[in-house]
Amino acid sequence: MNRRNFLSLAALSGVAAACGSRSGERLEPPPGAVMSTPLFVPPLLAPPLDGDGARHFELAMQTGRTVILPGQQTPTWGFNGAFLGPTLRAGRGDVIRMTVRNGLPEASTVHWHGIRVPAAMDGGPHQLIQPGAVWNPAWTLDQPATTAWYHPHPHGTTAQHVYRGLAGLFIVDDAEDHGLPAAYGVDDVPLVLQDKEFAADGSFSGDPLRGIYGILGDHMLVNGVWNPRFDVTTQRVRLRILNGAQARMFNLTFADRRRFHVVGNDGGLLGAPVEVDQLVLTPGERAEVVVGFAPGDDVVLRTLDNGVDLAKGDFDLVRFVAATGLKPSPALPAHPATLPAIVPPAGARLRTFALGGRDSINGRPMDMDRIDEVVPAGAVEIWEVDGSGFAHNFHIHEVAFQVLDVNGAAPPAHASGHKDTVYVPVRSKVRLAVQFGRDTDPSSPYMYHCHILRHEDAGMMGQFVIVEPGTESQVPHTLSGRPGQPTPHH
């Protein structure tokens, strides 16, 4: 139901149209209320450092049931609960030790999207976790403060696993004081945006692999809640926004067109806040924004149809209601962070990637045994991505990149920082300055792919390995085995 029809129906019926809970109980909003269900804030998972400076996280993939629509229980999947997952939090320099248990009826993986990890720990399709198995990746976290996320990545079924509910945020902190709101769940609030279709019995419906893009749903969920309300208690609120949808583009704006500031995107914080009144995010992209509120404000964050087929329809997302007395917030910092520009050297390697239709890159669908590109560790290269007759976006595992230009034009200021996912409009050419890490492994690949999950699952994905500089020609372009395989738990 789109926003206009929903509001008309609510006015006619005088019946609450929103309900959600984490534990399965029904929550009844007041009669006639619109967008009154409290926004669920995912629990924060930030285990203390042990004596070795490591943080031990435990994640369990499991099935469950969740009340999303009034009076109906939806079969869902989640991490450490019935639906979605906790927000993981760790600091730069921490040793991360994960215990990931698969309690699902089928094999899956967990990919750390936006986290720079050795390839065997990346959680791509090669690190498949069988039902009943346990995976124990470990790495040292070494990247600037950012908002990343985690989700499954099994080849051919990623769309279905994410759609059922497997997703969560991963916040990286560093030693700097960035001067931004930082009280999690109070003035530092995660927003996981997704769209769904529902059957008459309340179950998720729709085929993630249908048509051109898969599912473009008619119910917008924020942190798993339909028509939520967040009570604002401070003058400014930092929103960590994730587009966790299958294919939908969220064209974000407030109902009163208030302006807000983008302070970070996929790869970290920006050098200066950028004031906007509208922000576009495609699947997998993240943004950090700071919004100002006045006492008594009552305003809705929306996504509006901008003429792109991925953004079809106008929908309300979340209602912000400010108290009559708001706690003071610090001034917006002039320079949240200073990340060095990613500058290709003279003569930098140029690689080209043609996104073909819905199922191939450079004319070839994904092959789990084929290495498509071999990259020397620490390289900075130019990657040129050509779109086709459909809209796409492009994600590269492990790296940070900056957008050089889109069809020859510089990106908007709010998209000029470090990123890992970028929108590729229909029949466009996007050039990226790509910075690769220094972890080498010639037998464990990373992925690059369209993050419209229907395209990814259909084969619009390739593989690259990072190797010691000078050894590129010695690396085979086929894999003899599956690296990084988890083992059954007994």
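Because only heavy atoms are used, hydrogens play no part in the values below, and waters and symmetry mates are left out as well, while side chains stay in. Positions are given from 1, in the same order as the sequence printed here.
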Parallel, tilted or perpendicular for Phe320 and Phe254, by the 30°/60° rule?
tilted
Verdict with reasoning, Glu58 to Thr99, per side-chain hydrogen bond (donor to acceptor under 3.5 Å, both in side chains)
CA-CA 5 Å; Glu58 294 197 7; Thr99 298; 4.9 Å; no
Side-chain donor/acceptor of Asn243 to backbone N/O of Gly284, under 3.5 Å
no
Closer than 3.5 angstrom, by distance alone: can the side chain of Asn251 be matched with the main-chain N or O of Leu304 as a donor-acceptor pair?
yes
Using the rule given for side chain to side chain contact (heavy atoms under 4.5 Å, CB included), can you reason through Glu398 versus Asp122, listing the C-alpha separation, both sets of side-chain angles and the distance that settles it, and then say yes or no?
CA-CA 8 Å; Glu398 196 285 324; Asp122 187 51; 5.7 Å; no
Residues Trp149, Ile115; criterion side chain to side chain contact (heavy atoms under 4.5 Å, CB included); working and verdict:
CA-CA 8 Å; Trp149 65 302; Ile115 301 294; over 6 Å; no
Arg240 bridged to Asp188 by N-O distance under 4.0 Å:
yes
Side-chain donor/acceptor of Gln194 to backbone N/O of Gly244, under 3.5 Å
yes
On the ring face of Phe401, is Lys419 found with NZ or CZ under 6.0 Å from the centre and within 45° of the axis?
no
List the atom of His261, the atom of Pro273, and the distance in Å for their closest heavy-atom pair.
CD2-CB, 3.9 Å
Closest non-hydrogen atom pair between Ala247 and Ile215, with its separation:
CB-O, 4.1 Å
Nearest heavy atoms of Val318 and Val222, plus distance in Å:
CB-CG2, 4.4 Å
Taking Asp94 for its side chain and Ala90 for its backbone only, find out whether a donor-acceptor pair lies under 3.5 Å.
no
Relative to each other, are the rings of His151 and His113 parallel, tilted or perpendicular (30° and 60° limits)?
tilted
Under 6.0 Å from the CZ atom of Arg438, do we count more than 12 heavy atoms belonging to anything else shown?
no
Mind checking whether Tyr448 and Trp383 have parallel, tilted or perpendicular rings, split at 30° and 60°?
perpendicular
Does this structure show an ion pair linking Lys312 with Asp305, if we count only N-O contacts that are shorter than 4.0 Å?
no
Nearest non-hydrogen partners of Gln160 and Pro208, listed with the distance
NE2-CD, 3.6 Å
Minimum side-chain heavy-atom gap Arg358-Ile212 below 4.5 Å:
yes
Note, Gln463 side chain near Met366 side chain (heavy atom, < 4.5 Å)
yes
Between Asp372 and Arg364, does any NZ, NE, NH1 or NH2 come within less than 4.0 Å of an OD or OE carboxylate oxygen?
yes
Charged N to carboxylate O below 4.0 Å: is that the case for Arg286 and Asp420?
yes
What orientation do Trp112 and Tyr150 show, parallel under 30°, tilted 30 to 60°, or perpendicular over 60°?
tilted
Note: Lys429-Glu384 ion pair, threshold 4.0 Å (strictly below):
yes
Whether Gln72 side chain and Leu69 backbone form a donor-acceptor pair below 3.5 Å
no
salt_bridge(Arg248, Glu285) N-O dist < 4.0 Å:
no
Evaluate the criterion side chain to side chain contact (heavy atoms under 4.5 Å, CB included) for residue pair Leu169 and Val192; output intermediate values, then yes/no.
CA-CA 8 Å; Leu169 289 184; Val192 179; 4.2 Å; yes
Any non-hydrogen side-chain atom of Val308 less than 4.5 Å from a side-chain atom of Tyr423?
yes
Whether Glu106 and Arg164 form a salt bridge (side-chain N of Lys/Arg under 4.0 Å from carboxylate O of Asp/Glu) is what I want to check.
yes
Do His418 and Gln402 come close enough that some side-chain heavy atom pair is under 4.5 Å?
yes
Greater than 12 external heavy atoms within 6.0 Å of Arg92's CZ:
yes
Please work out which of the three classes, parallel, tilted or perpendicular, describes the rings of Phe198 and Phe204, given edges at 30° and 60°.
tilted
Identify which one of His449, His455, His451 satisfies the side-chain hydrogen bond (donor to acceptor under 3.5 Å, both in side chains) criterion when paired with His392.
His455
Compare all side-chain heavy atoms of Arg97 with those of Asn136 and state whether any distance is below 4.5 angstrom.
no
